[in-house]
Amino acid sequence: MTNQTKASDFIRDIIAQDRKANKNEGRVITRFPPEPNGYLHIGHAKSICLNFEVAKENNGRCHLRFDDTNPTKEEEEYVQSIKEDVRWLGYDWGEHLFFASDYFDKLYEYGVHLIKTGKAYVCDLTADEIREYRGTLTEPGKESPYRKRSMAENLDLYERMRTGEFPDGTRVLRAKIDMASGNLNMRDPVIYRILHASHHRTGDSWCIYPMYDYTHPISDAVENISHSLCTLEFEDHRPLYDWTLDNLPVACHPQQIEFARLNLSFTVVSKRKLLRLVNEGFVDGWDDPRMPTLSGIRRRGYTPEAIRNFCERIGVAKRDSTVDVALLEHTVREDLNNRAPRSMAVLRPLKVVIENYPEGRVEELDAQNHPGNPDMGTRKVPFSRELYVERDDFMEEPPKKFYRLTPGREVRFRYAYFIKCERVVKDDKTGEIIELRCTYDSESRGGSAPDGRKVKATIHWVSAAHAIPAEIRLYDRLFVTENPEADKEKDFIENINSKSLEILTECRLEPSLANAAPGSLYQFERQGYFCADSKDSAAEKLVFNRTVTLRDSWAKIKGRGKS
RNA sequence: UGGGGCGUCGUCAAGUGGUAAAGACACAGGACUUUGACUCCUGCAUCGGAGGUUCGAAUCCUCCCGCCCCAGCCA
């Protein structure tokens with residue numbers, strides 16, 4: 001809470017030095033440049049947080065710019081979801097919303113400029129030929145036969161490309177750089193291609209579209225970006241980024257700096273793979289709570305604060321790395337522990353009858369909404385003769401260290417009484433335990449006995465007559481392997497966790513949960529953090545998603561016994 | 001075999017020649033506990049390897065090894 005020192009990183013260090021040297025008059029402007037061709041995921045969150053936070057720390061600003069130069073892949077729907085997700089994460093681009101397509105006229109004119117200065121030419125080679133001429137990683141390329149075209153001819157052809165005279169793929173505009181460069185990106189890269197496709201913003205006004213490598217530096221320069229942060233795979237593109245700006249009459253030359261993208265254990269984030277999960281029905285959609293998309297994570301119950309905190313803790317560096325999902329889970333628990341009100345929910349009910357408790361009697365007991373924060377107040381919870389407890393909280397033949405209910409043992413029912421299990425009722429035929437007959441100590445109301453005796457366990461419960469039914473969806477990691485993509489021979493689909501979703505329909509909740517608003521967050525004591533599903537939960541039929549379990553040291557002890 | 005990067009605890013990640021190599025997560029112990037939660041204590045790396053420079057190196061030099069990215073008219 002106090003003056004927390006923000007961890008620095010190499011990018012912040014560079015920016016600090018730049019400001020010290022008064023580069024760009026000390027101004028810091030960054031940008032988050034998504035392509036509107038899919039949903040944002042946790043990997044994008046790293047970039048969003050980096051760009052917006054760095055700007056904020058330096059009294060600068062961060063632009064939201066859609067890199068929409070490929071109309072065949074981009075859609076308005078994605079623009080909307082991206083804006084929503086960035087806002088949800090807690091960032092505001094203010095007036096600075098841009099689209100690369102805003103710059104199409106300028107981009108085209110700059111193409112003319114390059115031709116006039118002998119830095120670009122129209123090439124008639126086919127895509128296959130261009131690939132052949134490009135050479136290989138170890139051999140230099142060959143110059144295109146069209147490389148020496150006259151300026152006049154280039155200008156004419158470029159203009160005619162734009163007016164729609166030529167079919168797709170017949171010609172491109174290329175930068176004239178160096179076919180022998182060790183960097184393939186510098187071997188006369190294509191900067192404009194013909195695409196008779198309708199664009200989500202410019203409609204049919206264009207049939208030629210600029211390439212990323214050409215568009216990005218110019219867009220950055222036009223917006224006066226000071227530091228253009230991108231991921232490692234663009235490191236090879238930096239010479240082209242710089243070449244473009246060095247050969248055009250732009251007023252500013254932003255600095256591209258590359259950092260490592262986020263990889264998360266037990267998770268997959270490539271758009272192509274996420275698309276397969278959706279299309280092949282392994283999940284229910286882009287916002288399925290198991291998806292690493294921001295919309296999925298949000299629906300799961302993660303908070304923006306938790307995500308931001310996570311992004312801050314993972315740091316920013318150049319080394320390829322894979323962050324343990326446990327850290328993400330930790331940051332949600334940390335945040336939810338502070339803010340989520342507590343309540344009691346029985347997921348797998350086991351009937352309990354308190355034999356010495358008067359029939360028909362109901363007591364309203366006081367329960368704290370948050371043991372660590374009295375400001376969150378208290379609530380009443382009804383207690384009666386017939387209750388439900390968690391099946392897992394009873395064992396007829398308990399192993400060592402099992403402290404919960406067991407025949408003859410007394411435990412505390414949270415905020416209620418000391419309860420002792422007297423008898424187990426089983427189904428005659430199946431032998432299944434169907435009910436527990438118990439007694440209570442009327443002196444222990446509230447949960448402590450006047451004689452000072454102790455119990456080892458406190459368990460949660462609900463009153464059978466008052467409990468409200470609900471569906472609870474237990475989500476777990478989507479993959480069972482730490483790196484689902486590790487084995488190149490194997491389809492990552494084979495690593496899917498078949499138990500990533502368990503739907504419980506017989507759950508019973510304490511009555512105070514009756515009007516849980518969609519999206520609201522709770523801790524169901526001893527179980528985990530849950531949120532009312534934003535799509536499916538309604539007053540008539542409550543549906544909760546498990547965001548994350550509580551840390552469970554009992555599970556560890558139990559696990560040891562097994563292996 | 002070309003070009004560009006990267007190698008510090010199980011996982012992230014500080015460290016930029018000078019006291020016992022931060023911190024977090026994970027893990028392991030323990031305390032506390034009306035959530036086996038939370039909280040709190042404790043423990044947990046000699047820095048990819050080999051040489052060299054230096055009074056002194058994770059930090060400088062040399063060589064070696066390993067990993068990642070690049071041959072879209074995708075971004």
Side-chain angles (χ1 to χ4, degrees), chain A residues 7-9 13 33-35 37 67-70 72-74 123 125-127 130-132 134-141 168-174 180-187 189-195 208-209 211-213 215-216 230-239 258 260 265 271 313-331 333-334 337-338 342 344 367-368 370-372 401-404 412-416 418 446-448 454-460 482 523-528 549-558:
Chain A
S8 193
D9 54 65
D13 288 347
E35 181 188 12
N37 71 342
D67 233 321
D68 55 351
T69 57
N70 186 349
T72 64
K73 294 188 173 176
E74 297 146 7
C123 183
L125 255 25
T126 64
I130 285 182
R131 190 179 317 120
E132 284 166 30
R134 185 154 36 224
T136 67
L137 293 179
T138 52
E139 304 156 39
D168 287 2
T170 52
R171 275 177 240 266
V172 292
L173 182 69
R174 291 228 251 171
S181 172
N183 182 344
L184 304 219
N185 295 122
M186 300 299 269
R187 321 243 262 226
V190 170
I191 57 182
Y192 256 103
R193 77 287 213 183
I194 300 172
L195 235 39
I208 59 171
Y209 291 92
M211 300 287 289
Y212 165 86
D213 282 319
T215 309
H216 208 81
C230 62
T231 44
L232 251 28
E233 67 270 27
F234 292 103
E235 211 149 16
D236 284 344
H237 297 240
R238 195 187 337 134
E258 311 83 11
S265 62
K271 270 181 194 166
R313 293 205 202 184
I314 58 178
V316 179
K318 296 197 69 160
R319 159 182 355 166
D320 286 308
S321 59
T322 301
V323 175
D324 192 341
V325 260
L327 180 59
L328 216 210
E329 294 169 349
H330 172 262
T331 61
R333 285 194 188 101
E334 187 177 52
N337 177 46
N338 291 325
R342 314 284 124 128
M344 294 194 283
Q368 291 177 278
H370 190 124
K401 297 212 175 171
F402 181 85
Y403 303 145
R404 285 111 91 152
R412 172 165 41 233
F413 275 32
R414 179 139 237 222
Y415 298 125
F418 280 13
S448 50
K454 303 284 185 198
V455 289
K456 285 219 111 173
T458 298
I459 67 174
H460 61 279
E482 198 167 320
Q523 182 195 100
F524 290 168
E525 292 207 23
R526 305 205 308 126
Q527 306 277 3
T549 61
L550 249 31
R551 276 180 60 196
D552 187 354
S553 53
W554 165 242
K556 280 178 191 167
I557 295 169
K558 209 169 47 173

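Proteins come first, then strands; the chains are lettered A, B, ... in the order of their sequence lines, and each starts at number 1.
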Sugar-phosphate, base or nothing in reach of Val325(A), heavy atoms under 4.0 Å: nothing
Sugar-phosphate, base or nothing in reach of Arg404(A), heavy atoms under 4.0 Å: base
Whole-angstrom distance between U46(B) and C9(B), as gauged at atom P: 10 Å
N/O donor-acceptor pair, side chain Gln527(A) with base U35(B), under 3.5 angstrom: no
Sugar-phosphate only, base, or nothing, as touched by Thr322(A) at under 4.0 Å among non-hydrogen atoms: sugar-phosphate
Inter-nucleotide C1' distance (C60(B), U53(B)), Å rounded: 8 Å
Base paired to C73(B) (Watson-Crick or G-U; both N/O distances under 3.5 angstrom): none
Touch class at under 4.0 angstrom, heavy-atom based, for Ser321(A) against every strand present: sugar-phosphate
Sugar-phosphate, base or nothing in reach of Gln368(A), heavy atoms under 4.0 Å: nothing
Neighbour count >12 (heavy atoms, 6.0 Å) for atom CD, Glu482(A): no
G17(B) pairs with, by Watson-Crick or G-U criteria that keep both distances under 3.5 Å: none
Aromatic plane relationship, Tyr212(A) with His237(A) - under 30° parallel, 30 to 60° tilted, over 60° perpendicular: perpendicular
Phosphate-side-chain proximity, His330(A) and C25(B), N/O vs OP1/OP2 below 4.0 Å: yes
Below 4.0 Å: OP1/OP2 of C27(B) and any side-chain N or O of Lys556(A): yes
Sugar-phosphate, base or nothing in reach of Arg333(A), heavy atoms under 4.0 Å: nothing
Sugar-phosphate only, base, or nothing, as touched by Phe413(A) at under 4.0 Å among non-hydrogen atoms: nothing
Which residue lies more 5' along RNA chain B, comparing Val323(A) with Thr69(A) via nearest heavy atoms: Val323(A)
Value in whole Å for how far the C1' atom of C74(B) lies from CG of Asn185(A): 13 Å
Distance-only donor-acceptor test, Asn183(A) side-chain atoms vs G4(B) base atoms, 3.5 Å: no
Reported CD1-to-CZ distance for the pair Ile459(A) and Arg412(A), which is rounded to 0.5 angstrom: 11.0 Å
Atom pairs under 3.5 Å: protein N/O with N/O of nucleotides 46-49 of chain B:
none

Sugar-phosphate, base or nothing in reach of Pro33(A), heavy atoms under 4.0 Å: nothing
Atom-to-atom span, CD1 of Ile191(A) to P of A75(B) - whole angstrom: 13 Å
Nearest-Å distance for atom pair CD/C1', residues Glu235(A) and G4(B): 6 Å
Atom-pair distance (CD1 on Ile130(A); P on G72(B)), nearest Å: 11 Å
Any Arg412(A) side-chain N or O less than 4.0 Å from OP1/OP2 of U35(B): no
Touch class at under 4.0 angstrom, heavy-atom based, for Thr72(A) against every strand present: nothing
Nearest-Å distance once atom C1' is located in both C69(B) and A75(B): 15 Å
Nucleotide opposite A50(B) in a Watson-Crick or G-U pair, distances under 3.5 Å: U62(B)
Nearest-neighbour nucleotide for the Asp324(A) side chain, U11(B), C69(B), U35(B) considered: U11(B)
Spatial distance of atom OG1 (Thr170(A)) from atom CD1 (Ile194(A)) [nearest 0.5 Å]: 3.5 Å
Which atom of Val190(A) lies closest to which atom of Arg174(A), heavy atoms considered: CG2-CD, 4.1 Å
Base-pairing assignment for C67(B) (Watson-Crick or G-U wobble, both under 3.5 Å): G5(B)
Mate of A45(B) where both pairing distances stay under 3.5 Å, Watson-Crick or G-U: none
Spacing of Tyr209(A) atom OH relative to C74(B) atom C1', expressed in whole Å: 15 Å
Nearest-Å distance for atom pair CG/C1', residues Asp320(A) and G66(B): 13 Å
Sugar-phosphate, base or nothing in reach of His237(A), heavy atoms under 4.0 Å: base
Same-atom distance (C1') from C47(B) to G15(B), integer angstrom: 10 Å
Touch class at under 4.0 angstrom, heavy-atom based, for Thr458(A) against every strand present: sugar-phosphate
Sugar-phosphate, base or nothing in reach of Leu137(A), heavy atoms under 4.0 Å: base
Sugar-phosphate, base or nothing in reach of Asn337(A), heavy atoms under 4.0 Å: sugar-phosphate
Between A71(B) (P) and Arg187(A) (CZ): distance, integer Å: 11 Å
Distance below 4.0 Å between Arg131(A) side-chain N/O and G72(B) OP1 or OP2: yes
Side-chain N,O (Arg134(A)) to OP1/OP2 (C70(B)) below 4.0 Å: no
Counter-base of A26(B), judged by Watson-Crick or G-U geometry with both distances under 3.5 Å: none
side-chain N/O Ser181(A) vs G2(B) OP1/OP2, d < 4.0 Å: no
NZ (Lys271(A)) with more than 12 external heavy atoms under 6.0 Å: yes
Among A13(B), C74(B), A75(B), the one nearest Lys73(A) by side-chain distance: C74(B)
Touch class at under 4.0 angstrom, heavy-atom based, for Ala127(A) against every strand present: base
Distance, rounded to the nearest Å, where Glu329(A) contributes CD and U11(B) contributes C1': 13 Å
Between A31(B) and A37(B) - C1' atom distance, rounded Å: 16 Å
Contact under 4.0 Å: Arg551(A) side-chain N or O vs C38(B) OP1/OP2: yes
